Amino acid sequence: AKDPVRVLVTGAAGQIGYALVPMIARGVMLGPDQPVILHMLDIPPAAEALNGVRMELVDAAFPLLKGVVATTDAVEACTGVNIAVMVGGFPRKEGMERKDVMSKNVSIYKSQASALEAYAAPNCKVLVVANPANTNALILKEFAPSIPAKNITCLTRLDHNRALGQISERLNVQVSDVKNVIIWGNHSSTQYPDVSHATVKTPSGEKPVRQLVSDDDWLKGEFITTVQQRGAAIIKARKLSSALSAASSACDHIRDWVLGTPEGTWVSMGVYSDGSYNVPAGLIYSFPVTCNAGEWTIVQGLSIDEFSRKKLDATAEELSEEKALAYSCLS
Ligand code: NAX
């Protein structure tokens, strides 16, 4: 039998946490033969709710779940973890300035970076979900210098999956037959959902989405804005933000990273930019990646037309501004 993998979920008493921890305990994230020990962190006001989640995990009697650590102590939470899913953060509240929210998250991610750096298992893989996801991940990277930059990522897989879902609905095809959409840039409304290289499996072979959707105006307009604004549409409908889809996408992100992407398929991940596609180096930016043996690689050589170029640059611009704002909160 395999040794258990320790998976940290911060903000585990929140809505995404509540959807995510049972998925992890069921093997959705790491596979049906991989035992797990869950580490759940939240803050003292949520301690009682966190204990309630712990009780439900016990009650669910998950065969793969070999232990649960539920704590408000970051050091205890981070000790020995192999995977860290950072969902906890400070949400933007009505009337708050962007800078104030950024400042709260910078201080959270700075201190949790230090706890991970000092106490996590070597080669711990980190996924930041909490917003502003890309910039929180960048702060975490800066304050955990001994964790390799390639181990620190942020979630744009939900946006990627939303794009697959929109194409599937539009063409009335199975979502599992659509692949190779790309989310470029920030997990925010400036993200660029790109179908230039996406394909659909049809009875007569793989066909480009661009050929099957003849309405280019839709692809360049409503499709993009629907994906960009989907989070807001969910809030409007549910009066709560996306949770099950975020949790499921976080599992997809880690599963593909650890176990690999299928041959011929790429996924979107927020990763540390090396300057590929003329995206400024030193940002956490969402790129198309393939994964093998626990490592991601940015897909190279894709053609970028003028329309796409502008969108890649605009979202990079926003990330550079966020980075500057985050750094201004440090001083
Ligand atoms: P909730 O407010 O339900 O849960 C957040 C939890 O984090 C709370 O239990 C809170 O007590 C805890 N928390 C706050 N500060 C903490 C700290 N310093 N250490 C540990 N825990 C802390 O929010 P939820 O709906 O679960 O969303 C969580 C985060 O995911 C938010 O930042 C949200 O914006 C972000 N999202 C990111 C998405 C993505 O695709 N990257 C999509 C979904 C989601 O909107």
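The basis for the numbers below is simple: all heavy atoms, side chains too, and nothing from hydrogens, waters or symmetry mates. The first residue in the sequence is number 1, and the count goes up from there. A quick note: this is a predicted structure, and the numbers were derived from the prediction, not measured. Note that ligands are numbered from 1 as they come in the structure, with each ligand's atoms numbered from 1 the same way.
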Identify the protein heavy atom lying closest to [atom], giving its residue, its atom name and the separation to 0.1 Å.
atom: atom 27 (O) of ligand 1; result: I16 CD1, 3.4 Å
atom: atom 9 (O) of ligand 1; result: D42 OD2, 2.7 Å
atom: atom 7 (O) of ligand 1; result: G11 CA, 3.2 Å
atom: atom 19 (N) of ligand 1; result: Q112 NE2, 2.9 Å
atom: atom 40 (O) of ligand 1; result: H187 CE1, 3.1 Å
atom: atom 16 (C) of ligand 1; result: I43 CG2, 3.5 Å
atom: atom 28 (C) of ligand 1; result: V87 O, 3.3 Å
atom: atom 37 (C) of ligand 1; result: V129 O, 3.0 Å

Step through the shown structure and confirm whether more than 12 heavy atoms of other residues, nucleotides or ligands are within 6.0 Å of [atom1] on [X].
X: Q300; atom1: CD; result: yes
X: M55; atom1: CE; result: no
X: N292; atom1: CG; result: no
X: Q211; atom1: CD; result: yes
X: R170; atom1: CZ; result: yes

In ligand 1, which numbered atoms sit nearer than 4.0 Å to a non-hydrogen atom of [X]?
X: S241; answer: 25 (O)
X: I108; answer: 18 (N)
X: A246; answer: 43 (C)

| field | Main-chain N/O of H187 paired with N134 side-chain donor or acceptor, under 3.5 Å | value | yes
| request: Kindly determine whether D252 and S249 satisfy side-chain hydrogen bond (donor to acceptor under 3.5 Å, both in side chains), including the steps that lead there. | output: CA-CA 5 Å; D252 288 345; S249 301; 4.8 Å; no
| task | Report the residue from V126, N151, I152, V75 that forms a side chain to side chain contact (heavy atoms under 4.5 Å, CB included) with L116. | result | V126
| field | N131 N/O to ligand 1 N/O under 3.5 Å | value | yes
| message | Using a 3.5 Å cut-off on N or O atoms only, is F90 in polar contact with ligand 1? | response | no
| message | Contact between ligand 1 and A13 is defined here as a heavy atom of the residue under 4.0 Å from a ligand atom; is it met? | response | yes
| task | Determine whether any heavy atom of G89 lies closer than 4.0 Å to an atom of ligand 1. | result | yes
| request: Could you go through the salt bridge (Lys or Arg N to Asp or Glu O under 4.0 Å) check for K104 and D100 one step at a time? | output: CA-CA 6 Å; K104 299 255 188 216; D100 297 332; over 6 Å; no
Per-residue contact class, [X] against ligand 1 - non-hydrogen pairs under 4.0 Å:
X: L155; value: both
X: L158; value: side chain
X: Q15; value: both
X: A130; value: both

| So, R162 and D159, do they make that salt bridge, N to O below 4.0 Å? | yes
| message | Run the salt bridge (Lys or Arg N to Asp or Glu O under 4.0 Å) test on R210 and D216 for me, step by step, so that the C-alpha distance in whole Å, both residues' side-chain angles and the decisive distance to 0.1 Å come before the verdict. | response | CA-CA 8 Å; R210 278 239 142 98; D216 208 47; 3.6 Å; yes
| request: Please check if a non-hydrogen protein atom sits closer than 4.0 Å to atom 23 (O) of ligand 1. | output: no
| task | Might you check, step by step, whether the distance between atom 32 (O) of ligand 1 and some protein heavy atom is under 4.0 Å? | result | yes
| message | Among residues at least two apart in sequence or on other chains, which ones pass salt bridge (Lys or Arg N to Asp or Glu O under 4.0 Å) with E222? | response | none
| Any side chain to side chain donor-acceptor pair (under 3.5 Å) pairs touching residues 3-14, not counting sequence neighbours? | R6-H39
